[in-house]
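Report on one structure; see the data block that follows.
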Amino acid sequence: SILGATGSIGQNTLSLISSKKDDFKVVGLTGADNIELLARSAVDFEADMVATADESKFLDLKDLLSGHNVEVCAGLSGILEVASQQTDWVMSAIVGSAGLLPGLSALEAGANVALANKESMVAAGPIMKRISEINDVRLIPVDSEHSAIAQVIRGEERESLSKIIITASGGAFRNFSKSELVSVTPDQASTHPNWAMGQRITIDSASLFNKALEIIEAKEFFNLSASEIEVVIHPESLVHAIACFQDGGMKAHLGPADMRHAIAYALHEEKRLKLSLDEINLADVGTLHFDKPDLDKYPSLKLGYEVIEQGGLAGAAFNAAKEEALDNFINYKLSFTGMADVVRATLDELNSRNELKNELVIETIMELDLLARSIAKKYVEKI
Ligand code: NAD
Ligand code: MG
C-alpha cells in the first residue's frame, strides 16, 4: 500500500512498481485533493482500495471509479482503513504530521513500513520504534540521507561508529545573505536546485528546517546523540551521508539526486536492482564542496539540535510549530525568516508552561500538536 500515493514520493514509488507489475500486488492507495490522479493510479495499478483524506470528494472519487472493482473510502477513518489492511509493505509518504496515525496503523497491522514521512519519526520516534519491535516488522528509512546512512553502516558495529555526517544542498537560497532572506517569496522558495519534491519539503530545504527535521530523524533511526550528528552544506547533492569510524576511516554514500534510488533500496529489501537513473560521472562533476552551515543564517538548524538535546515531546512541538509557520509563509502571512522566530517563541512558551514534560504517548502528542499550532498562530500575528 502507498499512503500519499499522489505525491512526489508516492508517484515515484508507483513508477518503480510499474515496470514490475507482476511482482507486486497493490492493496491500497491514499491521497487528498488530487482525486483524478488517485483514481487513475488505482485503475492503472489495480488497487483493491483507495481513500481520499478530503471527505467532500468521496462521491466524486466514487464516480471516477465506477465500473472498477475498487473500494472507496474517505476522511481520516478512510485513510486509516487503507493503512491497516493486511499487506507486507507500506510506503508512508503523506506529508506532515497527518502521516503519523496512518504510519502507526500500518505498523500495528503488521506491515514493514518504508518511512518517507520524517515528521512521524520527529514527533513520535520512540513510539514508532516500539510498535515496530512489538509487531516484529521493519521501519525502513526512505529519506535519502537516512537511506544513505543505513547503506554505509551496514555490516559495521555500532561501537566502531564515531559520528554521522549528513549533507544539505543549501536549497534555493544557498548564496543569499541573512538580510536578503527576509524578503524572499514562497515562489522563490519553492524551486530546488537539485531535487524535484513536494512544495513543503522544498521550502523546508531552503530554510534548513528540513535538515533540522532530518537530524532528529537520524537520532531516532540510528540512536545517535546530538554530538554524533554533523551537517555539512554540499551543493552538488551527490554525497548524501558519511559514516565516520573510530579508526579514522569514513564511508560516504554517493548517489543520484533522485528519490527512486532510496525508494528502490527500501522496496527491494536492500537488494540493489538495476535502475535506469542518470549515472554520476565523477570526472564531469570534477569537484565536490563541503561547507560548515552558518547557524546564524539558519536558526532552524540550531533549534533542531536543541530539540534533540531536550528529547521527549520537543520533537512533536517543533514539528507542529514549523508546519503552522510554513502554512503562514506559503499564504504570505509570515516572512521566510519569521518562520524560525515563530517556532522559537512557540517552544519557549510551551517550555515555560511545562507542556513538554508530559509522557510521550500518542494522545499527548496529538493534543500538543494542536496546542503548538495555536500558539504558533498567535506569534505569527505578533511577529
Ligand atoms: P507531496 O506534497 O508531493 O505529497 C504529499 C502526499 O500526502 C499527497 O499524496 C497528498 O495527497 C497527501 N496528503 C496531504 N495532506 C494530507 C492529509 N491531511 N491526510 C492525508 N494525506 C495527505 O509530498 P512529498 O514531497 O511526496 O513528501 C511526502 C513525505 O516524504 C514528506 O514527509 C516529506 O518530508 C518526505 N520526503 C520527501 C522527499 C521528496 O523527494 N519528495 C524526500 C524525502 C522525504
Ligand atoms: Mg532528505
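Atoms within a ligand are numbered from 1 in the order they appear, just like the ligands themselves.
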Going by heavy-atom distance to atom 32 (O) of ligand 1, choose the closest among Met91, Lys118, Glu119.
Glu119
The protein heavy atom nearest to atom 22 (C) of ligand 1 is Ile94 CG2, 3.6 Å
Whether Lys211 and Glu214 form a salt bridge (side-chain N of Lys/Arg under 4.0 Å from carboxylate O of Asp/Glu) is what I want to check.
yes
Out of all atoms in ligand 1, which are within 4.0 Å of some heavy atom of Gly31? Include the element for each.
11 (O)
Name all residues meeting the side chain to side chain donor-acceptor pair (under 3.5 Å) criterion together with Thr191; count only those two or more places apart in sequence or in a different chain, and write none if there are none.
none
For the CD atom of Glu145 and the CD1 atom of Ile165, what is their distance to the nearest 0.5 Å?
13.5 Å
Which residue and heavy atom of the protein sit nearest atom 20 (C) of ligand 1, plus the separation:
Ala53 CB, 3.5 Å
Could you tell me whether the side chain of Trp89 and the main chain of Ala266 form a donor-acceptor pair under 3.5 Å?
yes
Heteroatom proximity flag, Gly7 to ligand 1, N/O under 3.5 Å
yes
Show your working on side-chain hydrogen bond (donor to acceptor under 3.5 Å, both in side chains) between Lys118 and Asn210 and close with a plain yes or no.
CA-CA 9 Å; Lys118 63 191 83 186; Asn210 182 50; 2.5 Å; yes
Angle between ring planes, Phe290 versus His234, binned at 30° and 60°: parallel, tilted or perpendicular?
parallel
Just say parallel, tilted or perpendicular for the rings of Phe173 and Phe336, cut-offs at 30° and 60°.
perpendicular
Would you list the atom pairs, donor with acceptor, under 3.5 Å between side chains in residues 38-49 and any protein atom, with sequence neighbours excluded?
{"from": "Ser41", "atom 1": "OG", "to": "Gln11", "atom 2": "NE2", "distance (Å)": "3.4"}
{"from": "Ser41", "atom 1": "OG", "to": "Leu37", "atom 2": "O", "distance (Å)": "2.8"}
{"from": "Asp48", "atom 1": "OD1", "to": "Lys25", "atom 2": "NZ", "distance (Å)": "3.0"}

Shortest protein contact, atom 38 (C) of ligand 1 (heavy atom only):
Ile9 CD1, 3.5 Å
Considering only heavy atoms, which of Thr202, Val95, Asn210, Asp258 lies nearest to atom 2 (O) of ligand 1?
Val95
If you have a sec, work out which protein heavy atom is nearest atom 35 (C) of ligand 1 and how many Å separate them, to one decimal?
Ala116 O, 3.1 Å
Considering heavy atoms of the protein only, find what lies nearest to atom 3 (O) of ligand 1 and give residue, atom and distance to 0.1 Å.
Ser8 N, 2.9 Å
Considering only non-hydrogen protein atoms, determine which one is nearest to atom 18 (N) of ligand 1 and report residue, atom name and distance to 0.1 Å.
Ala98 CB, 3.5 Å
Which of the atoms of ligand 1 are close to Thr6, meaning less than 4.0 Å from one of its heavy atoms?
8 (C), 9 (O), 10 (C), 11 (O)
Hey, which atoms in ligand 1 end up nearer than 4.0 Å to a heavy atom of Asn117?
32 (O)
Which residue owns the protein heavy atom closest to atom 43 (C) of ligand 1, what's the atom, and how far is it?
Asp143 OD1, 3.1 Å
Asp327/Arg200 salt bridge by N-O under 4.0 Å criterion:
yes
Just by distance, do the side chain of Asp247 and the backbone of Gly249 share a donor-acceptor pair under 3.5 Å?
yes
When you check the gap from the basic side-chain N to the acidic O, do Lys178 and Asp294 get nearer than 4.0 Å?
no
For the Mg ion (ligand 2), which protein N/O/S atoms fall under 2.8 Å? Skip waters.
Asp143 OD1, Glu145 OE1, Glu214 OE2
Listed by chain and number, what are the side chain to side chain donor-acceptor pair (under 3.5 Å) partners of Arg344, not counting sequence neighbours?
Glu306
Any Ala93 heavy atom less than 4.0 Å from ligand 1:
yes
For a side-chain hydrogen bond (donor to acceptor under 3.5 Å, both in side chains) check, start with the C-alpha distance between Ser190 and Gln199, then their side-chain angles and the critical distance, and finish with the verdict.
CA-CA 6 Å; Ser190 301; Gln199 186 193 26; 3.2 Å; yes
What do you reckon, are the aromatic ring centroids of His261 and His253 less than 6.0 Å apart?
yes
Heavy-atom contacts with Ile201 under 4.0 Å: which atoms of ligand 1 show up? List them by number with element.
25 (O), 33 (C), 34 (O), 36 (N), 37 (C), 38 (C), 42 (C), 43 (C), 44 (C)
Quick note on ligand 1: atoms under 4.0 Å from a heavy atom of Met197 include exactly 39 (C), 40 (O), 41 (N)
Would Gly198 count as a polar contact of ligand 1, with the cut-off being nitrogen or oxygen pairs under 3.5 Å?
yes
Ignoring angles and geometry beyond distance, decide whether Ala32 reaches within less than 3.5 Å of ligand 1 through its nitrogen or oxygen atoms.
yes
For ligand 1, is there an N or O atom under 3.5 Å from any N or O atom of Ala196?
no
Looking at Arg138 and Glu270, is there a salt bridge between them, counting it only when a charged N and a carboxylate O are closer than 4.0 Å?
yes
